[in-house]
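Worksheet for the structure shown next.
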Amino acid sequence: MVIKVFLASSSGSTAIKKKQQDVVGFLEALKVDYAQLDIACNEENRMWMRQNVPEDKKPANGIPLPPQIFNEEGYCGDYDTFFDAKEDNSVYAFLGLPPPPGSKEAEQADKAHIVENGNHAEEILDDSIEVPVEERNGDAHVEEEQAEEADEEEGEGGEEEAEEEAANDEATEEETAGDEALAEEEEEAVGETDEAQAEEEEQLLLA
């Protein structure tokens, strides 16, 4: 891939000359292979540049000014977009070229790749690994277990209390039955005593 820089070697505009020098000087500093195509001395270059600059990138008068930058047939941009890419350390992306290893742009691309893969890995991890109920629900699950244990303890305590009440009732019934038996025995003893006394009195009267 060859980077094409369309420029005007005999331009009377100081601003255009400065912009062209900035682009060419930066490409040389980056050791990027490029070709200079002069539109001032070559009408074919001029027409090709004007025809291949996208309509939305042309100025209001429809005539794009140099420098204009292409990657083979693909349009990269003008000086302003090139300058923005230089400020963002993304010139290679602007030119459609892979950044060389060790460059700032390559380091930024690696970091962006790592972050992207990291986030993707986290999403996969979240979907594939089953998280224990305790970790998903946290304290709510613990409180629920504690409540269930408390209910079980209350249930056991209620059964014990019922058993104790039943035992107390049985003891009470036994005591009541004992009292009634004792009362009957006392009544029988009193009756027998009365009968004995009556018999003695009758014998005395008969004698």
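- Looking only at atom types and distance, the side chain of Gln68 has a donor-acceptor partner in the side chain of Tyr75 under 3.5 Å away.
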- Query: Would Leu7 and Ile16 satisfy side chain to side chain contact (heavy atoms under 4.5 Å, CB included), going step by step from the backbone distance to the final call?
  - Reply: CA-CA 9 Å; Leu7 45 78; Ile16 290 177; over 6 Å; no

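- Residues Leu95 and Ile69 are in side-chain contact: their nearest non-hydrogen atoms beyond the backbone lie under 4.5 Å apart.
- Evaluation of the salt bridge (Lys or Arg N to Asp or Glu O under 4.0 Å) rule for Glu72 yields no partner, not counting sequence neighbours.
- A donor-acceptor pair under 3.5 Å is absent between the side-chain atoms of Asp33 and the main chain of Val2, judged by distance alone.
- In terms of the side chain to side chain contact (heavy atoms under 4.5 Å, CB included) criterion, residue partners of Gln51 (sequence neighbours excluded) are, by chain and number, Met47.
- Within the 4.5 Å cutoff, no side-chain heavy atoms of Leu37 are placed close to those of Val5.
- For residues 85-107, there are no side-chain hydrogen bond (donor to acceptor under 3.5 Å, both in side chains) pairs, not counting sequence neighbours.
- Remark: the Tyr34 side chain and the Glu28 side chain contain an N/O donor-acceptor pair separated by less than 3.5 Å.
- Looking at Val91 and Val32, their side chains never come closer than 4.5 Å, going by heavy atoms from C-beta outward.
- Applying the side-chain hydrogen bond (donor to acceptor under 3.5 Å, both in side chains) test to pairs two or more places apart or on separate chains, those with a residue in residues 1-11 are Ser9-Asp38.
- Side chain of Gln20 to main chain of Ala8: a donor-acceptor pair is present (N/O by atom type, distance under 3.5 Å, no hydrogens or angles).
- When hydrophobic clusters are built by joining Ile, Leu, Val, Met, Phe, Trp and Tyr residues whose side-chain heavy atoms come closer than 4.5 Å, directly or via intermediates, Phe83 is grouped together with Leu30.
- For Asn42, the side chain to side chain contact (heavy atoms under 4.5 Å, CB included) partners are Glu44, Asn45, not counting sequence neighbours.
- Between Ile39 and Met49, the closest heavy-atom pair is CD1-CE, 3.9 Å.
- Cluster annotation: Val24 is not connected to Phe6 through the hydrophobic network of ILVMFWY side chains, with a link wherever side-chain heavy atoms come within less than 4.5 Å.
- Across all their heavy atoms, Cys76 and Phe94 have their closest contact at O-CE1, 3.2 Å.
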Tell me which donor-acceptor pairs under 3.5 Å the side chains of residues 52-63 have, and how far apart each pair is, sequence neighbours excluded?
unit_1, atom_1, unit_2, atom_2, d
Asn52, ND2, Trp48, O, 2.7
Glu55, OE2, Lys58, NZ, 3.1
Lys58, NZ, Arg50, O, 3.0
Asn61, OD1, Ile63, N, 3.0

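- If you check the side chains of Thr81 and Asp78, you find a donor sitting under 3.5 Å from an acceptor.
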